[in-house]
Amino acid sequence: MPELPEVETVRRGLAPVMEGQVIARAEIRRPNLRWPFPDGMAQRLAGQRVLRLRRRSKYILCDLGSGETLIIHLGMSGRMLIHTPEETSTPGVFQHIHPAPEKHDHVIFEMDNGVRIVFNDARRFGAMDLCLTDQAEFHKMLASLGPEPLGNAFDEAYLIAAFKNRGSPIKSALLDQKLVAGLGNIYVCEALWRAHISPEAKTKTLSAKRTSSLVPVIRDVLLEAIESGGSSLKDYRQADGELGYFQHSFAVYGREGEPCRTLDCKGKISRIVQSGRSTFFCRRCQR
DNA sequence: CTGCACGCCTGCCCGC
DNA sequence: TGCGGGCAGGCGTGCA
């Protein structure tokens, strides 16, 4: 999926066209994504004002006037694309040219202002569900998530405690959403490279100092990626259809065999598989 | 409890 | 050109 920076970029793109607007109509074009849509989703969304869009980890939370919240997850390949009505030759008169739904357009929100938001997800690992807004944090998709990496609860003391007594490689620990919520394969690889820590290092063997060094490194890489509009690989687009460009800043991800970018390091980037997923790192400067 | 393999889906890219 | 295999940003389940 899009990881935290991509989801945050999507949220920021959607907020100006959705917040404060009413969902005139919701079109659900298939019965499910990863799981069945909730009962009566289209009717429960129609006529509801979007109070605000929030993000928790890699989930977008859409708070509605009805007191319900629409939880959206983009899975691996989900996109939210905005179609804006076009102004005709008469100033102030807008015309909505309905683009024919494309392959894998599964859900379409039509807002009162004529803007359409299309959820497209080829692999259908994405999900949507509705719950009461004040119960959202207890929803089963969100209940066991760890702290936000950009929030105050994610600090040096927390990470040291979380790593203690854990025997797993640090790569898999950081991918564990219960430990910290929102990192994925790309940003874990990038953060470990910045911290000069081997993805194979066992968490409990790391010194407090090295563990602590990861906290600002994780924050920095996520914030820089958000600033860049996220990373665009095969599927991801910002909500306005633009590409993010953080992929040009990758130090290790997807760079197998290429030179390490650490100053004065003459290493080459290796690819290994951990827990069935590719890990990219430099054996020379990551220990 | 932990750690890991697997399945869910489609599309793309590479080698033959 | 076609086909098979491997790969892909996630996450829940089930097993040891």
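The structure presented is a predicted model; accordingly, all values stated were derived computationally and were not measured. The basis for the numbers below is simple: all heavy atoms, side chains too, and nothing from hydrogens, waters or symmetry mates.
Look at A/Arg277 and you won't find any side-chain N or O under 4.0 angstrom from OP1 or OP2 of C/dA8. Between B/dG11 and A/Ser77, no contact under 4.0 Å exists linking OP1 or OP2 to a side-chain N or O. For A/His104, a side-chain nitrogen or oxygen approaches OP1 or OP2 of B/dG11 to under 4.0 Å. At least one side-chain nitrogen or oxygen of A/Lys103 sits closer than 4.0 Å to the OP1 or OP2 atom of B/dG11. One finds a side-chain N or O of A/Lys58 lying less than 4.0 angstrom from the OP1 or OP2 phosphate oxygen of C/dG10. Note on A/His73: every side-chain N or O is 4.0 Å or more away from OP1 and OP2 of C/dG10.
Counting non-hydrogen atoms under 4.0 angstrom, A/Arg34 reaches a base of the nucleic acid. Looking at heavy-atom distances under 4.0 Å, A/Gly126 makes no contact with the nucleic acid at all. Among the atoms of the strands shown, none is found under 4.0 Å from any heavy atom of A/Lys178. Within 4.0 Å (heavy atoms only), A/Tyr253 reaches sugar-phosphate atoms of the nucleic acid but no base atom.
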task: Take A/Glu68 and A/Arg44, measure what salt bridge (Lys or Arg N to Asp or Glu O under 4.0 Å) needs, and give me the verdict at the end.
output: CA-CA 9 Å; A/Glu68 289 196 298; A/Arg44 285 158 76 182; 2.6 Å; yes
From CA spacing to verdict: salt bridge (Lys or Arg N to Asp or Glu O under 4.0 Å), A/Arg12, A/Glu8: CA-CA 6 Å; A/Arg12 290 182 184 189; A/Glu8 177 62 18; 2.8 Å; yes
message: Show, in sequence, the C-alpha distance, side-chain angles and deciding distance for A/Arg56 and A/Glu148, and conclude whether the salt bridge (Lys or Arg N to Asp or Glu O under 4.0 Å) test is met.
response: CA-CA 7 Å; A/Arg56 169 73 170 113; A/Glu148 287 288 321; 2.9 Å; yes
task: Go through the steps to decide whether A/Asp176 and A/Arg166 satisfy the test salt bridge (Lys or Arg N to Asp or Glu O under 4.0 Å), and finish with yes or no.
output: CA-CA 12 Å; A/Asp176 182 350; A/Arg166 198 172 167 129; 2.9 Å; yes
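Pairing partner, B/dG15: C/dC3, with both Watson-Crick or wobble hydrogen-bond distances short of 3.5 Å.
How far CG of A/Asp63 is from CD of A/Glu19: 9.0 Å, rounded to the nearest 0.5 Å.
Counting to the nearest Å, the P atom of C/dG10 and the CD1 atom of A/Ile186 are 8 Å from each other. Here C/dA8 presents its C1' atom at 11 Å from CZ of A/Arg271, a figure rounded to the nearest Å. Rounded to whole Å, atom C1' of B/dT10 lies 15 Å from atom CG of A/Asp105. The interatomic distance linking A/Asn165 (CG) with B/dG3 (C1') rounds to 16 Å, in whole Å. Here B/dC4 presents its P atom at 11 Å from NZ of A/Lys171, a figure rounded to the nearest Å. Between A/Lys202 atom NZ and B/dG3 atom P there is a gap of 10 Å when expressed in whole angstrom units. In this structure, A/Leu33 places its CG atom 12 Å from C1' of B/dC8, rounding to the nearest Å. Whole-Å rounding puts the A/Glu8 CD to C/dG9 C1' distance at 17 Å.
Using the six-membered ring where Trp is involved, A/Phe250 and A/Tyr187 have ring planes that are perpendicular, over 60° apart on the 30 and 60° scheme. Relative orientation of the A/His73 and A/Tyr59 rings is tilted, given thresholds of 30° and 60° on the angle between their planes.
Closest contact between the side chain of A/Trp35 and the listed nucleotides B/dC4, C/dG12, C/dG9 involves C/dG12. Comparing atom distances between the A/Ser275 side chain and each of B/dC4, C/dG9, B/dT10 picks out B/dC4 as nearest. In this structure, of B/dC4, B/dT10, C/dA8, it is B/dC4 that holds the atom nearest to the side chain of A/Pro169. The A/Ser168 side chain lies nearest to B/dG3 when the options are C/dA8, B/dG3, B/dC4. Among the nucleotides B/dG7, C/dG9, B/dT10, the one closest to any side-chain atom of A/Met76 is C/dG9. For A/Arg166, taking side-chain heavy atoms from C-beta onward, the closest of the listed nucleotides B/dG3, B/dG11, C/dG9 is B/dG3. Closest contact between the side chain of A/Tyr59 and the listed nucleotides C/dC7, C/dG9, C/dC11 involves C/dC11. Comparing C/dG9, C/dG10, B/dC4 by their nearest atom to the side chain of A/Glu6 picks out C/dG9.
Straight-line distance between the P atoms of B/dC9 and C/dG14: roughly 16 Å, to the nearest whole Å.
Residue-nucleotide stacking is not present for A/Phe125 and B/dC9, judged by a side-chain ring centre under 5.5 Å from the six-membered base ring centre and planes under 30° apart.
Remark: the A/Arg123 side chain and the C/dA8 base include a donor-acceptor N/O pair separated by less than 3.5 Å.
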